[in-house]
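Okay, so here's the structure we're looking at.
Only a predicted model underlies this, so the values are computations on that prediction, with no experimental measurement involved.
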Amino acid sequence: RLLLKYWPDGSTIHRPLLIGTDLKPDASYLRTFLPLVSGALDVLTYHNYVAEGGQIPQAEFMTPEYLDKGPQQSADVLAAHRELAPNIPIWVGEIAACWHSGQRGWTDRFGDAFWYVDALAARAALNHTGFLRQTLVGGYYGLLDRATFTPTADLYAALLFKRLLGIHVLM
C-alpha cells in the first residue's frame, strides 16, 4: 500500500521494487504466501545454501552430485513459483556453497569459483533473472577479501560470466 501511495501511477519504472521473501527454500510457506501477494510482489527471492550442516565436504565439492544439490534443494520452490506466480521474476537472493560466513581456506579461494560459475549457470538455466551474492565484503565468501579488499576469484568469475554470456545461458 505504501508503494502505491507514494508512486500512485503503479509504474515500476521509478518506484522501488517490492522484493521478497528471501527465505530458505520452503515451498509450503510459498504456497500460502504467494496467493496473498501475487498482485503486489515484483520479484520473488529465496536463499539457497548448499552444504548440509554449514560446511563443505571438500572431497565432494567438485563432484557433479554436489554441484546439483542447490538446484535440487530449490525444486519445490520453483514448482510453487511456476504454479502460483509464473509472471513474477524469480531471483536467488542469497546463495553460497556453505553457510556460517563461508569456510575459511575454501570459499575464499580459487576453487570456490568453480562452484560459483556452476551456480550462476544453473540458476540462469532455471529462468532466474537475478542472482544476488549475500555480501560484497564479509565472511569467507565475499566478492572482496575481508582483510585486504582485493577481488576474489569469485568476483572475476562473475565478471567473466557476465561478459561471455550476458543474459543468455547456453544449454
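Within the 3.5 Å criterion, the main-chain N or O of Tyr140 finds a donor-acceptor partner in the side chain of Thr107. Judged by distance alone, the side chain of Tyr66 and the main-chain N or O of Val50 form no donor-acceptor pair under 3.5 Å.
For the residue pair Thr129 and Pro89, the shortest heavy atom distance occurs at OG1-CB, 3.5 Å. Between Ala153 and Arg109 the shortest heavy-atom distance is CB-O, 4.5 Å. The shortest non-hydrogen separation linking Val77 to Pro25 is CG2-CA, 3.4 Å. Shown here for Gly70 and Asn48, the closest heavy-atom pair between the two residues is O-OD1, 3.1 Å. In terms of heavy-atom proximity, Leu120 sits nearest to Ala158 at CD1-CA, 4.2 Å.
Put simply, the side chain of Leu41 reaches to within 4.5 Å of the side chain of Phe33, judged on heavy atoms. Side chains of Ile90 and Leu78 form a contact here, defined as non-hydrogen atoms less than 4.5 Å apart.
For the side-chain contact (heavy atoms from CB on, under 4.5 Å) test, residues two or more places apart in sequence or in another chain that qualify with Leu136 are Leu143, Leu144. Qualifying side chain to side chain donor-acceptor pair (under 3.5 Å) partners for Tyr49, counting only residues two or more places apart in sequence or in other chains: Glu94. Residues passing the ring-ring contact (aromatic ring centres under 6.0 Å, His included) test with Tyr156, sequence neighbours excluded: none. Every residue two or more places apart in sequence or in another chain that forms a side chain to side chain donor-acceptor pair (under 3.5 Å) with Asp22 is listed here: Thr45, His47. When the side chain to side chain donor-acceptor pair (under 3.5 Å) test is applied to Tyr46, the partners found at least two apart in sequence or on another chain are Ser74, His128. Shown here are the side-chain contact (heavy atoms from CB on, under 4.5 Å) partners of Leu3, two or more places apart in sequence or in another chain: Trp7, Arg15, Pro16, Leu18. A search for ring-ring contact (aromatic ring centres under 6.0 Å, His included) contacts involving Phe131 returns Tyr116, not counting sequence neighbours. Evaluation of the side-chain contact (heavy atoms from CB on, under 4.5 Å) rule for Arg163 yields no partner, not counting sequence neighbours. In this structure Asp112 satisfies the side chain to side chain donor-acceptor pair (under 3.5 Å) test with no other residue, sequence neighbours excluded.
To the nearest 0.5 Å, the span separating OH on Tyr141 from CD1 on Ile95 amounts to 12.0 Å. Within the model, atoms CH2 of Trp91 and CD1 of Ile19 stand 4.0 Å from one another, a figure rounded to the nearest 0.5 Å. Distance check: Asp118 CG to Phe161 CZ gives 9.5 Å after rounding to the nearest 0.5 Å.
Applying the salt bridge (charged side-chain N to carboxylate O under 4.0 Å, His left out) test to pairs two or more places apart or on separate chains, none has a residue in residues 137-152. Screening residues 57-68 for salt bridge (charged side-chain N to carboxylate O under 4.0 Å, His left out), with sequence neighbours left out, gives no hits. A side chain to side chain donor-acceptor pair (under 3.5 Å) check over residues 75-87, counting only residues at least two apart or in different chains, returns the pairs Arg31-Glu83.
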